Amino acid sequence: MNNFYNHTSTIHKYCITQGLIGYNLFLHSQGMQDYIKELNPEQREAVLHTEGPLMIVAGAGSGKTKVLTTRIAHLMQLGVDSFRILALTFTNKAAKEMKERIEKILGNGNARNLYIGTFHSIFARILRAEALNIGYPSNFTIYDTDDAKSVIKSIVKSMNLDEKLYKPNIILNRISAAKNNLYTYKDYKADFDIQQEDTRSKRPEIGLIFEKYSQQCFKNGAMDFDDLLVNMYLLLTTHPESLSKYQHKFRYVLIDEYQDTNTAQYHIIKLLAAMHENLCVVGDDAQSIYSFRGATVKNIFMFQKDYEDVRVIKLEQNYRSTKSIILAANAIIEHNEKQIKKKLWTDNVEGEKIKLVCTFTDNDEGKFIADTIQEKQLRDHYANSDFAILYRTNAQSRSFEENLRRHNIPYRIYGGLSFYQRKEIKDFIAYLRVIVNTQDEEAIKRIINYPVRGIGKTTIQKIILIASEQNITFWEVISDIRKYGFSGRAANAIESFVIMMRSFQTMLEKKNAYDVAAEVGKASGIIKSLRSENTVEDLARFENVQELLNAIKEFTETPDEEGELLDKSLGSYLQQITLLTSADQKGEEDTNVVTLMTIHASKGLEFPNVFVVGAEENLFPSQMSLYDKDDLEEERRLFYVAITRAKANLWITYANNRYRFGQLVSNEPSRFLEEMPEEYVDTSNARKPKNKAFSNQMNPVNRGIQQKKVSKANYNHKVSADFKADSPEGMTEGMKVEHQRFGFGEIKTLEGPAANKIATIEFSTLGKKKIMLNYAKLRIVK
DNA sequence: TGCGCAGGTGTTTTT
DNA sequence: CACCTGCGCA
């Protein structure tokens, strides 16, 4: 298509929809447009500085997205063709939100054509168009982490290596790290340091695995997540005409979350923006939390050196949180050495202090939070969706789920398995993958005997062997199976499998993706096999497959809008869904539920009420980070991200005891807690982080367990003068009691054997607590 | 070939 | 604790 034509047609459309008056206004007006008036001076400058390299250092809650979206809208108002603006984000959600907000500012349909998307999805789209240049089919498959691991696993097996040593996870991490630095397997094998590291860890063959893995992916017509970057870089560096095409095309390039870019992304950005140098990066070094996947804060530190005449604008006014939260956040991040100097401030109210809460166990932590949410809702009429629980690791979610469920508080967990990662969905999709790309060996192996059709492991192994010996694909072997010496039942089964897959392929030429998928469900026997089973899980699986079919239907039936760049082929659909994450699940955003997510997943979000949980040494900061200064600083940035999600109320909780790997362990409070100035923190429900040594007699569970320093809470109840502990025998539910330190409360429930009764007591100041009567000193009040 | 059970093993964080 | 793997049995 001709760019000039598009350019004029866009303006033409604009004039029609907005009227010439609006158009002329922007050309001739003395004053500013409304959307610019809404900005503060720094934001405004960031929007108006359209030409040349620009770095916006945007503190948490400083209106970063507003600036980015207004800037893009402004460029379009200036007449820039939407096809010529590229904006890269890290999540689909961020991309979608930006698109919607731009649309809202413009009020016409023009935002549609913008290149806004994640690095991975935009590059996938470009690579699809350019695939032949780098020897890939345009319907290449995208391997998610599971697919990649499974390829590695079979390579390790075929090399007869020790599977205990060569774990797919470890190997994939090594390969991924290499790719993120644009290392090929050749570079990897030639790098002295890397080789030494692998030798030291007794895994000298990783380089060879890397080589085989790369070759296998290529043979399968598949790219993993990292390949999308590597191949994009390869395309631009080895095909000058492609480079020049995209350099010309993207006159304006914007990068969101620049602090999270890795080396590969850095170089691609640099190449793409080299011609016009209208490169605008937005980021916050204090929120760089993805080094484990190759991101380097260095990119943002070095930006000023990379380009001449860089304009740097700092957005330091926070519009989100109370003063208490902002000032505490500032104090914490100051403990990091490496940072771009800036100080967040806010005009918002001082607000309540940050509430530090210590609980006995991880379960108590969950209970405390469920209670608090309920109480807070009753008192201040908050909706469920005004609350978020943020944790360091996914595994922590359980106690919150249980307690919220017990309180009948609806919640939703972001993260975990996304819909498209469920086994039954991946199985179904494997059919579609093979239909679109027969080279995809991983997918064939997944379905060749699913549902069961008598093609066993030995048969599959034989096919793999033949394929690699003759250097042909798995599909080529099975599509002419008798030629390779197979006969009998297995050969018959394979033949009918191939015939079935072929029939799907020819269908795809005439029918839409949904019709084909529906036929796959029927003809393959998947639907039948799922329906014939009777457990609840099977029913759920069946429903999930139905849901997938619905999704495909929706995809096929959404009509192409005029000028829209949507590729409606099944191949494009498959690529997109692999790049979806669980955060992208649709239709649930406006539901009124409590949000549970990792801190990583919470970046960019905000909630009136936030619980940051598990603030304990070895958990947050994670034990993996304790011995490396850079890692520790990243944990601190993560803590900073966590607390700056809160608008009004922030609780930080930690448990004295926590189950981990099925064992109860005790941890000290997180070191980050001590970094918050006392004036912003309410410690009345916490032991003060600075007091370390406490006796342990309240805590019989802890005896004999791998013991760090354990403490009891620093409660300030003043014991009544006539306090004398009563014997547990006389205690019953509903009784009012006084605890030596917890104060007055009422026994809600009694559980356990007579010799070791556990009471749940609701204390007037502390809420519910579980107490072991044999150890507690309780006085019966009445 | 397919299923059930015992044992081992692992936790950061995710496109 | 919870998942996954591998092995043994039918």
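Computed from a predicted model, the values in this text were never measured in an experiment. Letters A, B, ... are given to chains in the order of the sequence lines, protein chains preceding strands, and every chain is numbered from 1.
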Just checking, any donor-acceptor pair under 3.5 angstrom between side chains of A:Arg174 and A:Tyr188? yes

Please check if any side-chain donor atom of A:Asn181 sits under 3.5 Å from a side-chain acceptor atom of A:Thr263, or the reverse. yes

Tell me whether the ring of A:Tyr290 lies stacked over the B:dT13 base, given a 5.5 Å limit on centroids and a 30° limit on the plane angle. no

For the P atoms, the ones on B:dT13 and on C:dC4, what distance do you get once it is rounded to whole angstrom?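 Taking atom P in both B:dT13 and C:dC4, they lie 15 Å apart.
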
Measure from the side-chain heavy atoms of [X] and tell me the nearest of [options].
X: A:Thr598; options: B:dT9, B:dT15, B:dT14; answer: B:dT14
X: A:His120; options: B:dT15, C:dC1, B:dT9; answer: B:dT15
X: A:Arg398; options: C:dA2, B:dT12, B:dT9; answer: C:dA2
X: A:Val452; options: B:dT12, B:dG2, B:dT11; answer: B:dG2
X: A:Arg392; options: B:dT12, B:dT1, C:dT5; answer: B:dT12
X: A:Phe661; options: B:dT1, B:dT11, B:dT13; answer: B:dT11
X: A:Thr118; options: B:dT15, C:dG6, C:dT5; answer: B:dT15
X: A:Lys164; options: B:dT15, B:dT9, B:dT13; answer: B:dT9

Counting only distance, no hydrogens or angles, is the base of B:dT15 paired donor-acceptor with the side chain of A:Arg293 under 3.5 Å? no

Would you mind reporting whether A:Leu619 and A:Gln396 have side-chain heavy atoms less than 4.5 Å apart?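 Of all side-chain heavy-atom pairs linking A:Leu619 with A:Gln396, at least one is under 4.5 Å.
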
